[in-house]
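For reference, the structure is listed below as structure tokens.
To find a chain, count down the sequence lines: A is the first, B the second, and so on, and within it residues start at 1. Note that this is a predicted model, so its numbers are computed, not measured.
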Number of protein chains: 2
Amino acid sequence: MPWDLKSDRPIYTQLVEQIKLMVFSGTYPPGSKLPSVRDMAQEAAVNPNTMQRALAKLEEDGLIITHRTSGRSITEDASMIELAKTKLAQDQIFEFLEKMRLMGFDQKEILTIITTMAKELK
Amino acid sequence: MPWDLKSDRPIYTQLVEQIKLMVFSGTYPPGSKLPSVRDMAQEAAVNPNTMQRALAKLEEDGLIITHRTSGRSITEDASMIELAKTKLAQDQIFEFLEKMRLMGFDQKEILTIITTMAKELK
DNA sequence: ATTATTGTATTAAGCGCTTAATACAATAAT
DNA sequence: ATTATTGTATTAAGCGCTTAATACAATAAT
């Protein structure tokens, strides 16, 4: 099942984002083992080099740990994951509110629209 | 004043987005004249070719009209602008809600977080 | 001990984006 | 009539991203 990748942004940044979401949602719990670079690359239908680049970025951020020859795993630090999750959520909201503000919506309108849509999604 | 451009996405798409926001917010009202490609390029601190590309995209979307030698202007069709504005807003919200859902937040949490942040921004 | 799997590195090619330097035709401004 | 301004087009260069094809060292699995 190839992942949902658009062409309007570098692929590796999208991989970083999607893997982050999987970590935050518990698809890959703290301490769990990740598939190999090659397997993940095939799963996402990208070149291993590109997946490698995404994983390297995640390691740089401290979310993932590399064990030289036995693959990679998610950090054991659950509170750190929780922190990163909260930060991502806040960044998303801030960016969204800022864009809506620039479009000329005021707070009241924004809240009305979002509650309506949230309910529609069941 | 150079515009706020990041390096994680093509510049021309960011120009499209920012110009759209200016149209939606009324900075450039329906029917109003736009500065020349060269002027806008200098204002945003990008190459004229890049700005040209952004403007061509906006014209393709019908938001802007080109008058061969007397520059460009915003469409007179105010209702069409309003429609595009609403669509952009909904797309933003949908994308945001989807990302939050993938992170594992439920509706109630999302609404709590966003109302809190919206109030903080005054 | 041998084999398979791990992350990692390198090289070459192709692609789109961006910039820079020009040039041109059409026409608005003078 | 002349000049300046408009959008537009072209060419060349550089850059980062992505892929493909390999290769290697370390070590887990057998």
Side-chain angles (χ1 to χ4, degrees), chain A residues 1-20 22-23 28 30-76, chain B residues 1-20 22-23 28 30-76:
Chain A
M1 160 194 50
W3 297 4
D4 179 35
L5 301 169
K6 324 254 179 190
S7 58
D8 66 339
R9 258 187 319 157
I11 294 179
Y12 84 94
T13 60
Q14 299 183 57
L15 294 177
V16 166
E17 183 177 306
Q18 297 205 20
I19 296 170
K20 264 191 188 174
M22 290 192 284
V23 173
Y28 292 121
S32 64
K33 196 169 175 309
L34 279 175
S36 73
V37 193
R38 291 169 177 82
D39 286 352
M40 291 191 76
Q42 190 172 26
E43 172 72 20
V46 300
N47 188 278
N49 293 335
T50 307
M51 182 57 77
Q52 162 78 14
R53 186 165 185 178
L55 292 171
K57 179 72 172 69
L58 286 166
E59 187 179 6
E60 192 185 310
D61 294 347
L63 216 62
I64 277 181
I65 285 149
T66 302
H67 310 99
R68 201 59 186 72
T69 58
S70 64
R72 291 182 164 92
S73 60
I74 310 299
T75 175
E76 304 262 3
Chain B
M1 161 194 44
W3 296 4
D4 179 34
L5 300 171
K6 323 255 178 188
S7 59
D8 66 340
R9 259 187 318 157
I11 292 177
Y12 85 95
T13 59
Q14 298 184 58
L15 295 177
V16 167
E17 182 177 307
Q18 296 206 18
I19 296 170
K20 264 191 188 174
M22 290 192 285
V23 173
Y28 293 121
S32 64
K33 196 170 174 309
L34 278 174
S36 73
V37 193
R38 292 169 178 79
D39 286 352
M40 291 191 75
Q42 190 172 26
E43 172 72 18
V46 299
N47 188 278
N49 292 336
T50 307
M51 181 57 77
Q52 162 77 14
R53 186 164 186 180
L55 293 171
K57 179 71 173 70
L58 286 166
E59 188 180 5
E60 192 185 311
D61 293 347
L63 217 61
I64 278 181
I65 285 148
T66 302
H67 309 101
R68 200 59 186 74
T69 59
S70 64
R72 291 181 163 93
S73 59
I74 309 298
T75 177
E76 306 261 3

* To do: Take the protein atom CG of B/Leu5 and the nucleotide atom C1' of C/dT19, then report the distance between them rounded to whole Å.
  => 14 Å
* Does atom CD of A/Gln42 have more than 12 heavy-atom neighbours from other groups under 6.0 Å away? -> no
* To do: Could you check how far CZ of A/Arg38 sits from P of D/dA21, rounded to whole Å?
  => 14 Å
* **Selection from D/dT19, D/dT8, C/dT6 that lies nearest to any side-chain heavy atom of A/Val46** => D/dT19
* To do: Please assess A/Arg72 against A/Met40 for the test side chain to side chain contact (heavy atoms under 4.5 Å, CB included), listing each intermediate value before the final yes or no.
  => CA-CA 11 Å; A/Arg72 291 182 164 92; A/Met40 291 191 76; over 6 Å; no
* Would you indicate which nucleotide in C/dG7, D/dC17, D/dT8 comes nearest to any side-chain atom of A/Pro10? => D/dC17
* Check B/Thr75, B/Val23, B/Leu55 against B/Ile64 for a side-chain contact (heavy atoms from CB on, under 4.5 Å) and give me the one that passes. => B/Leu55
* Student check: side-chain heavy atoms of B/Leu63 and B/Ile74 closer than 4.5 Å -> no
* To do: Tell me, with the steps shown, if B/Leu15 and B/Val46 meet side chain to side chain contact (heavy atoms under 4.5 Å, CB included).
  => CA-CA 10 Å; B/Leu15 295 177; B/Val46 299; 4.0 Å; yes
* To do: Could you check which of C/dG7, D/dT6, C/dT19 has an atom nearest any side-chain atom of B/Ser36?
  => D/dT6
* Asked: How close or far is atom C1' of D/dG16 from atom OH of B/Tyr12, stated in whole angstroms?
  -> 16 Å
* Asked: Rounded to whole angstroms, how far apart are CG on A/Asp39 and C1' on C/dT5?
  -> 10 Å
* Without swapping roles, check the side chain of A/Gln18 against the backbone of A/Leu5 for a donor-acceptor pair under 3.5 Å. => no
* Is the shortest side-chain N/O distance from A/Arg72 to OP1 or OP2 of C/dT8 below 4.0 Å? -> yes
* Watson-Crick or G-U pairs under 3.5 Å in DNA chain D, rendered as dot-bracket with [ ] for crossing pairs and | for another strand -> ||||||||||||||||||||||||||||||
* Structure fact -> Whole-Å distance, B/His67 NE2 to D/dT8 P, equals 12 Å
* Which of residues 49-59 of chain B sit near DNA chain D, with a heavy atom under 4.0 Å from it? -> B/Asn49, B/Gln52
* Asked: Is there a side-chain contact between B/Met22 and B/Leu34 (heavy atoms, below 4.5 Å)?
  -> no
* May I have the distance from B/Arg68 (atom CZ) to C/dT27 (atom C1'), rounded to whole angstrom? => 9 Å
* Asked: Can you check whether B/Arg9's main-chain N or O pairs, donor with acceptor, with B/Gln14's side chain at less than 3.5 Å?
  -> yes
* Asked: Between A/Ile65 (CD1) and C/dG7 (C1'), how many Å, whole number?
  -> 15 Å
* To do: List the steps, then state whether side chain to side chain contact (heavy atoms under 4.5 Å, CB included) holds for B/Ile19 with B/Lys57.
  => CA-CA 11 Å; B/Ile19 296 170; B/Lys57 179 71 173 70; over 6 Å; no
* To do: Could you check A/Arg9 against A/Ser70 and say which one's nearest nucleotide on DNA chain D is further toward the 5' end?
  => A/Arg9
* Minimum-distance nucleotide (side-chain atoms of B/Thr69 versus C/dA28, C/dT8, D/dG7) -> C/dA28
* To do: Using atom CG of B/Asn47 as one end and atom C1' of D/dG14 as the other, report the distance to the nearest whole Å.
  => 13 Å
